Asker: 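Here it is, the structure, as structure tokens.
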There are 2 protein chains.
Amino acid sequence: MTNAVDALRAFNRFHSQWAGLLRPSYMDSGLGVTAARLLYEIGRAPTGGLLASDLCADLALDPGYVSRVLSRFEKSGWIARDRGRDARQRPIRLTPAGEAFLVRLDQRTRADTAARIAHLSPGNRAVLVAALAQVRALLDPAAD
Amino acid sequence: MTNAVDALRAFNRFHSQWAGLLRPSYMDSGLGVTAARLLYEIGRAPTGGLLASDLCADLALDPGYVSRVLSRFEKSGWIARDRGRDARQRPIRLTPAGEAFLVRLDQRTRADTAARIAHLSPGNRAVLVAALAQVRALLDPAAD
DNA sequence: CATTAATAGTTGATATAGTCAACCAACTGC
DNA sequence: GCAGTTGGTTGACTATATCAACTATTAATG
């Protein structure tokens, strides 16, 4: 296991397991992992201008699928869609209810993560943060 | 972002994206991510004694689903199932064809990973390996 | 300005992935 | 030999995702 490729692959296995990427429902939110990612992305976007096509491109998802998920979000009252200047597009914005839902979800996720590193001392946390930054810097030449 | 929880969550986002965990088909193998994990697990197991129930437990999967995937594997000629002493259980073993398939798949995955860190110098690789080990040691108190 | 081509998004049909409950056969303990 | 349990399979179903066809609108070209 001195080899970087093997080490990395082993780490990938470990991490995807650890992070619960395999679980079908994201944090028992009733959302699938993909739907949760969509909602997060909507929450992160500059208010007002986000289009369905942006989501498709950013997350590499099928337009039809995105359309349906967005309809569900709309029905749940988490997003609203207006018409823009270009009447084909339907800019997405998060409603207050959606915002609230997202905040709750985020809090739960954060609490979960916190619990999973609760056993680490402050010193060890610092080491962890440094190591994570190191990994990311090396793997992602174009870090944002 | 000085906070360990936030750093970790950001890393999780980055890594799951980087590792391509979202892609439906594992390395264009025709297998879904779950099926690929099953096959790997079968390949890793001590020859002969592996049971479907072990796979269910280890990977937290539904018995019914596992049963079907294993049937597909059998039909593809990748595994064979005998009867054990306990005639309820059907110990799984990899056939030569399955072994070969797995080797090819592994080579492709390895090549892919290698390409993605091709830009790293030997020194940087060593740093990466150390950082990965560090992360894992901290996150996984019960590392194997 | 009329026609054609492209774009944003939706919808229908279909495939794949995963879940849940019922079930059979074989084993265990009494 | 019977009650309860275990390993595995099957059937019915839901959720997730893909593909192609379609509508409405805008842009491009003559």
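Only this structure's heavy atoms are used, side chains among them; waters, hydrogens and symmetry mates stay out. Chain letters run A, B, ... following the sequence lines, proteins first, then strands; residues in each count from 1. Because the structure is predicted, anything quoted here is derived from the model rather than measured.
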Asker: Without decimals, in angstroms, what is the distance between B:R37 CZ and C:dA17 P?
Answerer: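 In whole Å, C:dA17 P and B:R37 CZ are 14 Å from each other.
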
Asker: Give the rounded distance in Å between these two atoms: CG of A:L55 and P of C:dT7.
Answerer: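 Answer to the nearest Å: 19 Å.
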
Asker: Protein within reach of the bases, or only the backbone? For nucleotides 9-16 of chain C, mark each nucleotide 5' to 3' as B, S or -, using heavy atoms under 4.0 Å.
Answerer: SBBBB---

Asker: Roughly, in whole Å, what's the span from CG in B:L61 to C1' in C:dC20?
Answerer: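 About 15 Å, once rounded to whole Å.
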
Asker: Can you name the residues that form a side chain to side chain contact (heavy atoms under 4.5 Å, CB included) with A:S71, not counting sequence neighbours?
Answerer: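 A:S71 satisfies side chain to side chain contact (heavy atoms under 4.5 Å, CB included) with A:R81 only.
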
Asker: Inspect the contact between B:R9 and A:D106 and indicate whether a charged nitrogen and a carboxylate oxygen are less than 4.0 angstrom apart.
Answerer: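 Salt bridge present between A:D106 and B:R9.
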
Asker: Using atom CZ of A:R83 as one end and atom P of D:dA24 as the other, report the distance to the nearest whole Å.
Answerer: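 Atom-to-atom, A:R83 to D:dA24, this comes out as 11 Å.
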
Asker: How close do A:L102 and A:L94 get, counting heavy atoms only, and between which atoms?
Answerer: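 What the structure gives for the nearest pair is CD2-CD2, 3.8 Å.
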
Asker: For A:C56 versus A:V66, what's the shortest heavy-atom pair and its separation?
Answerer: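 Nearest pair, atom of A:C56 first, then A:V66: SG-CG2, 3.8 Å.
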
Asker: Is the shortest side-chain N to carboxylate O distance from A:D82 to A:R93 below 4.0 Å?
Answerer: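 A salt bridge links A:D82 with A:R93.
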
Asker: Looking at B:W18, I'd like to know if the NZ or CZ of B:R13 sits under 6.0 Å from its six-membered ring centre while staying within 45 degrees of the ring's axis.
Answerer: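 No, B:R13 does not sit over the ring of B:W18.
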
